[in-house]
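Please read the structure below before turning to the comments.
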Amino acid sequence: MRFFHELIRTLAKQGDPYAKVLAAPDDPYPHYEELRARGVLYQSSLGTWVTTNHKLANEVLRDRRFGVRKANGEKAPEFMQFDNSMLGLDPPDHTRLRRMTTPTFNPRMAERWRTRAEKICHRLIDDLLATGDRFNLMTAFAQHLPIAVIADLVGIPEEHRRTFYVLSREITPLLDGVVTYEKKQSVDAALAGMTKLFTGIIAQRRADPRDDMISRMLPMVDEGRLSMAELVPLCMFLPLAGSETTVNLIGNGVLALLRHPEQWEMVAERPELAAGVAAETLRYDPPVQTYRRIAHEPIELAGVSLPVDGELAIVAGGANRDPDVFPDPARFDITRDIGADTLSFSSGIHYCLGASLAKMEAEVAYQVIISRMPRLRQAGPVRRRGSFIIRGMLEFPLSAS
Ligand code: HEM
């Protein structure tokens, strides 16, 4: 691992813009512009092909000749360890799992959770205001909302929530792409803890079914359409995918609003503009900056011959600032007409399952924060997560007065 970091540093010093991105700088956006200047498709000295071009990225994500595994079905190196979760599977397994989970995550279901999300937000703000004027938005507020919603949705009983919360925090480095040896030990221990926890919860839900995802999926296990070896990783992956991303949509959006006070005021006057804050934050500073695809056959792309198993990094954070699609892309503007154009939730068959839920949660969070703490201001420097994949803050000190 140390070797990998040294290699990245050396290549970055030699001017490789992708290596500069992998070094996880606080501000990756100038490096995306360097990548853009190198062409539609740039091959890093690490071998990976990289694109920040919106049109090309969209084409690749919808092209079935690309997958997330190697051409022979083996797991691609350094992929997240949820081999059986949807994100790590190609069709036909991907298609089967995705169909089974869709009923839990359709946009109508997301709206059903709005009132519950509002209640959670108000309770969190009551708690944080009761403990004083200064707080870290990430730990005092943003982390709790998505995890509470997803725990309800998946079907985690109240008595297991604390353990679930602690274990979830410990497996988050998996989303950062590169896991150090030390972190791997604690991640593996937490994964083993999660497996045990969910095996128990699934047994509980079997005995006492409720209106949640686990109860809805158990009959599929009984019918032989889904194996327990798939259900358990799915239960573990959803909370991770749903919380470590949404937490940063909340944080990144509040940061952008505080840096653009005129737009904060606009939302204070017209709370319905919170939907625009979520959409523009997803474009301007997306929580998932990059993901990748593997060529399953030799492919000619933008004048380049990609070999079988050639790896392509889609830099969504860069594609979202492609000037051919978004005029004046470095400007944060919550009134911008974005449509469905950003790649923040990917595109094609792996399009984020929780997109509607995440947008709803963020909207509610912005509205409640602005209405309850109209004089909110930054009270110290932010500390970032230090990941080239997940963009967010660990510390975001704020003062409510
Ligand atoms: C702001 C919040 C979120 C962001 C930015 C985000 C981003 C993404 C992205 C970029 C992908 C696709 C990666 C790829 O194509 O390789 C993805 C997939 C996925 N996301 Fe999200 N996500 C968010 C919230 C959620 C939530 C709330 C859930 C569920 C509760 C969720 C569940 C999933 C699942 C299951 C997949 C895999 C879908 C598949 O492989 O078919 N995400 N997400």
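Throughout, residue positions are numbered sequentially from 1 according to the sequence presented. Atoms within a ligand are numbered from 1 in the order they appear, just like the ligands themselves.
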Under a 4.0 Å threshold between the charged nitrogen and the carboxylate oxygen, would Asp133 count as salt-bridged to Arg375? no
Tell me whether ligand 1 is touched by Arg293 - counting only heavy atoms on the residue side and a distance under 4.0 Å. yes
Which of Arg116, Arg112, Lys119 passes salt bridge (charged side-chain N to carboxylate O under 4.0 Å, His left out) with Asp152? It is Arg116
Pairwise distance CD1(Ile202) to CG(Leu231) - rounded to 0.5 angstrom: 4.0 Å
Can a non-hydrogen atom of Ile349 be found less than 4.0 Å from any atom of ligand 1? yes
Nitrogen or oxygen atoms of Arg98 and ligand 1 under 3.5 Å apart: yes
Logged contact type for Ser344 with ligand 1, heavy-atom cut-off 4.0 Å, is backbone
For Tyr351 and ligand 1, does the shortest N/O to N/O distance drop below 3.5 Å? no
Does the residue His94 have a heavy-atom contact with ligand 1, meaning some pair of atoms that are separated by less than 4.0 Å? yes
Side chain of His350, backbone of Asp90: donor and acceptor closer than 3.5 Å? no
Looking only at protein heavy atoms, identify the closest one to atom 30 (C) of ligand 1 and say how far it is in Å. Ile150 CD1, 2.9 Å
List ligand 1 atoms under 4.0 Å from Leu238, heavy atoms only on the residue side. 35 (C)
Under-4.0 Å salt bridge between Asp285 and Arg259: no
To the nearest 0.5 Å, tell me how far Ser44 OG sits from Leu11 CG. 6.5 Å
Of all the non-hydrogen atoms in the protein, which one sits nearest to atom 4 (C) of ligand 1, and at what distance? Phe345 CE2, 3.5 Å
May I ask you to say whether Arg210 pairs ionically with Asp212, meaning some side-chain N is under 4.0 Å from a carboxylate O? no
For ligand 1, which atoms have a heavy atom of Val288 less than 4.0 angstrom away? 5 (C), 7 (C), 10 (C)
Indicate the atoms forming the closest heavy-atom contact of Leu124 with Ala140, along with that distance. CD2-O, 4.1 Å
Show which atoms of ligand 1 fall inside a sub-4.0 Å distance from at least one heavy-atom site of Ala358. 1 (C), 2 (C), 24 (C)
Mind checking the OG-CH2 spacing from Ser356 to Trp113? Nearest 0.5 Å is all I need. 14.5 Å
Within the 4.0 Å heavy-atom cut-off, what His350 brings close to ligand 1 is both
To the nearest 0.1 Å, how far is atom 21 (Fe) of ligand 1 from its closest protein heavy atom, and which atom is that? Cys352 SG, 2.3 Å
Heavy atoms only: which of Thr245, Leu61, Asn248 is nearest to atom 23 (C) of ligand 1? Thr245
With heavy atoms under 4.0 Å as the rule, classify the contact between Glu361 and ligand 1 as side chain, backbone, both or neither. neither
Below a 4.0 angstrom heavy-atom separation, can you tell me which part of Leu249, side chain or backbone, both or neither, approaches ligand 1? side chain
Looking just at side-chain N and O atoms, do Asp16 and Gln14 make a donor-acceptor pair shorter than 3.5 Å? no
Is the side chain of Thr52 donor-acceptor paired with the backbone N or O of Gly318 at a distance under 3.5 Å, no angle test? no
List the closest protein heavy-atom neighbour of atom 27 (C) of ligand 1: residue, atom name, distance to the nearest 0.1 Å. Gly242 CA, 3.4 Å
What is the nearest protein non-hydrogen atom to atom 37 (C) of ligand 1, stated with its residue, atom name and distance? Leu87 CD1, 3.9 Å
